[in-house]
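Letters go in sequence order (proteins before strands), and every chain restarts at 1.
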Amino acid sequence: MKNREIAAIFGEMADILEVTGDNPFKVRAYRRAALNVESLARPVEGLSREELLAIPGIGEELASKIREYCESGAVHAHEKLKAEVPAGLLRLLAVPGLGPRTARLLVEKAGISDLDALEKAAREHRLEGIPGIRAKTEENILKGIGTVKRGIERRPLGHVMPLAEELVAELGRVASVGRIELAGSIRRRRETVKDIDIVATATAAAPLMERFTALPAVERVLMHGPTRSSVLVRDGIQVDLRVVEPVSFGAALAYLTGSKGHNIRIRDLAVKMGLKVNEYGIFRERDDLRLGGEEEDDVYRLLGLPFIPPELREDRGEVEAALAGRLPRLIETGDIRGDLHVHSRASDGAHTLEELVAAAQSRGLAYLALTDHSRGLGVAHGLSVERLMEQHRQVEEMNRRLSGFTVLHGTEMDIRSDGTLDFPDEVLAELDVVIASVHSGFRQPRETITARIAAAMRSPYVSIVAHPTGRLLGERDPYEVDMEAVLREAQKTGTAMEINAYPLRLDLDDTAARRAGELGVPLVISTDTHAISQFDSLGYGVAVARRAWLEKGQVLNTLAADKLLARLKGGNRGKPH
DNA sequence: GCCGTTTTCGGCCCGACTGTTTTCAGTCG
């Protein structure tokens, strides 16, 4: 899939055009194209010219550049642009507070064209004297270089969310605070986030800002204004707080939730209707008459749109869909009836089946599938055939004692390095749910891994393929796999694909899950629970599904257990419990 | 470079904060 490569090229072209002072709207066109190509579910190399032109932000010019890259592996205009600027220059743009204009000045006035040269010059106070740069800017540049060197990588949503909720709760206790909510990429539930955005109303904004910038967690204050402040808390996580009047809360929430691309589309739409949208409200352009803004829905309603859920606000076609009345009715956490991927103490989980059942029941689920690892995964105490069959009796016995809750018996079976399955068919035939997944041979070539997964899906006994890229956010890169080929095989064989809700996995990711949905591939959302608290990460998996435009009907574990078994391929299908 | 219920040419989202400026440019979100 060349999407990512092409997105990187367009992004870099935007950077270069910006530094060289080209038309800012052209820069934006490249940025928008980069985002849309990157988040496109389908591989661009298979698209016709017409299909390319249908991608938002792709016109004749960029479509032909995409085709050029697919055919030749390079874009001539990109190579030409690269030759115009020193190689290290674009790295300067990564320094917070240092933008294209300053970067250009640094090259022209001081001959600085990479990070090391910049740091040296700043330490020796050689930047002062460049127009617009004095001691303070020099100091900020040095701080910014420190930030770049520490790495300002995005963090998994699941790691940041608890802190974010804590901060909102703490600020919410301030007496003058009215409404307060998380916004930004956290509210859109991106899988990773860079900062925490909070929007609030307060009877007195200034004292709240004082309180915010003085929170115990705050390590550094980046910006401190009357209505907007930014601070750094532990691990260098940035937190932005915006305070508005109650009458503007909805407009501010919409504005701060973004994404940037979505906001531009919304405001563009407003302009065409003679309206103006900003963080204070929605106004009639002609006389500045306020039409709304207290509630977020005002913004959409006054533009003639249905409410667009935050998870869709990525400028991936949601504005067009809203205009056409074709927004999906997104799945919700409460739609999930059971968890199909759960480990017990028998393999590498922490709890007994009894404990897992109690935990699932207390969370309102109606069933779970016990899916311990198979024998091949020695490190996880994978089950032998004998232990699996013993467990089978245990599950049957448990089901006799339960009412209103069902334990399905399954396995998370290893797809071995050579592509064979870890249990023979006659064993799989005894199970309700067979998950197949890769736990070895991560470095095999793309074709090999893809073929292993595809072969597993062709088994009539395999119900689900779990975490198909093996990635662990921030810890382990995904292995090489041809996702399009995997999804097509799933489509052909009727095998379900898992959205793994464990916050470091979220695998399928939103892009792949959306593609799966387009292809009509059945999906499941599972927690891969190894400890009881992990049942609570289900919402992260549902968030991926929502970002993938999925509806309840596309996710099999929204069904009751008996209907689920009737729909699920493989194993002991439809046998009554 | 994209795009079209005002347009195929002439537009293209909007505002806060900072640092360096005496009125604003740059950066960010």
Side-chain angles (χ1 to χ4, degrees), chain A residues 10 13-14 17-19 21-34 36 52-66 77 92-106 127-141 143-144 183-185 188 193-199 205 209 221-230 238-244 248 251-252 254-283 285 299 303-304 315 319-320 323:
Chain A
F10 286 171
M13 289 176 79
L17 291 169
E18 198 166 30
V19 169
D22 210 312
N23 178 358
F25 299 107
K26 187 167 162 183
V27 173
R28 187 212 283 172
Y30 273 94
R31 290 253 151 80
R32 179 168 187 231
N36 280 314
L52 287 174
L53 291 175
I55 301 170
I58 301 293
E60 293 288 349
E61 191 64 29
L62 292 179
S64 75
K65 285 187 171 63
I66 292 173
L92 300 185
L93 297 176
V95 177
L98 200 167
R101 306 304 291 262
T102 311
R104 192 169 152 197
L105 269 182
L106 289 170
L127 299 180
E128 295 182 44
I130 294 176
I133 298 183
R134 292 285 176 274
K136 191 78 184 179
T137 302
E138 199 171 60
E139 196 182 309
N140 284 339
I141 285 176
K143 280 182 186 168
S185 52
R188 302 199 311 277
V193 298
K194 198 160 58 71
D195 52 20
I196 298 172
D197 292 297
I198 304 172
V199 55
M209 282 306 178
V221 177
L222 298 173
M223 207 162 57
H224 183 168
T227 69
R228 183 179 158 190
S229 297
S230 296
Q238 183 174 331
V239 187
D240 297 339
L241 174 65
R242 184 69 188 265
V243 182
V244 295
S248 297
Y255 157 70
L256 280 159
T257 298
S259 65
K260 190 173 178 155
H262 176 84
N263 284 351
I264 290 175
R265 300 301 313 285
I266 289 298
R267 291 174 178 194
D268 186 48
L269 212 57
V271 168
K272 292 191 166 78
M273 296 173 68
L275 303 172
K276 184 177 74 177
V277 173
N278 58 29
E279 58 264 55
Y280 299 107
I282 177 159
F283 305 89
E285 180 66 48
V299 176
L303 294 178
D315 189 22
V319 176
E320 289 80 357
L323 281 167

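Base-pair partner of dT8(B): not found among the strands shown (Watson-Crick or G-U wobble, both distances under 3.5 Å).
Dashed line: the shortest gap from a side-chain N or O of R242(A) to OP1 or OP2 of dG29(B) is not under 4.0 Å. Taking side-chain N and O atoms only, N263(A) has no distance below 4.0 Å to OP1 or OP2 of dC13(B). Between T227(A) and dC17(B), a side-chain N or O to OP1/OP2 separation shorter than 4.0 Å is present. Remark: R228(A) is not in phosphate contact with dC17(B), judged by side-chain N or O atoms under 4.0 Å from OP1 or OP2. Distances shown here put every side-chain N or O of T137(A) at or beyond 4.0 Å from the OP1 or OP2 atom of dT18(B). A sub-4.0 Å separation between OP1 or OP2 of dC13(B) and a side-chain N or O of Y280(A) is absent.
In this structure, V271(A) reaches the sugar-phosphate backbone alone: every heavy-atom distance under 4.0 Å involves primed, P, OP1 or OP2 atoms, never a base. Across all strands, N140(A) comes closer than 4.0 Å only to sugar-phosphate atoms, never to a base (heavy-atom distances). Looking at heavy-atom distances under 4.0 Å, P100(A) makes contact with sugar-phosphate atoms alone, never a base. Contacts of A252(A) with the nucleic acid, taken as non-hydrogen atoms under 4.0 Å apart, are absent. Residue contacts shown for T102(A) are limited to sugar-phosphate atoms, with no base heavy atom under 4.0 Å away. Using a 4.0 Å heavy-atom criterion, one finds that P24(A) contacts no nucleic acid atom at all. Residue-level contact check: I58(A) touches the backbone only, with heavy atoms under 4.0 Å from sugar-phosphate atoms and none from bases. Backbone-only engagement by L98(A) is indicated by non-hydrogen atom pairs under 4.0 Å involving sugar-phosphate atoms exclusively.
For dT22(B), the base is anti relative to its sugar; the glycosidic angle deviates from 0 by more than 90°.
One N or O donor and one acceptor, one from the side chain of Y255(A) and one from the base of dG29(B), sit under 3.5 Å apart. With hydrogens and angles ignored, a donor-acceptor pair under 3.5 angstrom links the side chain of N23(A) to the base of dG1(B). Looking at K260(A), its side chain comes within 3.5 Å of the base of dG29(B) through a donor and an acceptor atom.
Atom CD of E279(A) and atom C1' of dA16(B) are 8 Å apart (whole Å).
When the options R31(A), R188(A), R265(A) are evaluated for a salt bridge (Lys or Arg N to Asp or Glu O under 4.0 Å) with D315(A), the one that passes is R265(A).
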Under 3.5 Å donor-acceptor pairs involving side-chain atoms of residues 133-140 of chain A, not counting sequence neighbours:
| unit_1 | atom_1 | unit_2 | atom_2 | d |
| --- | --- | --- | --- | --- |
| E138(A) | OE1 | H125(A) | ND1 | 2.8 |
| E138(A) | OE2 | L127(A) | N | 3.1 |
| E138(A) | OE2 | E128(A) | N | 3.4 |

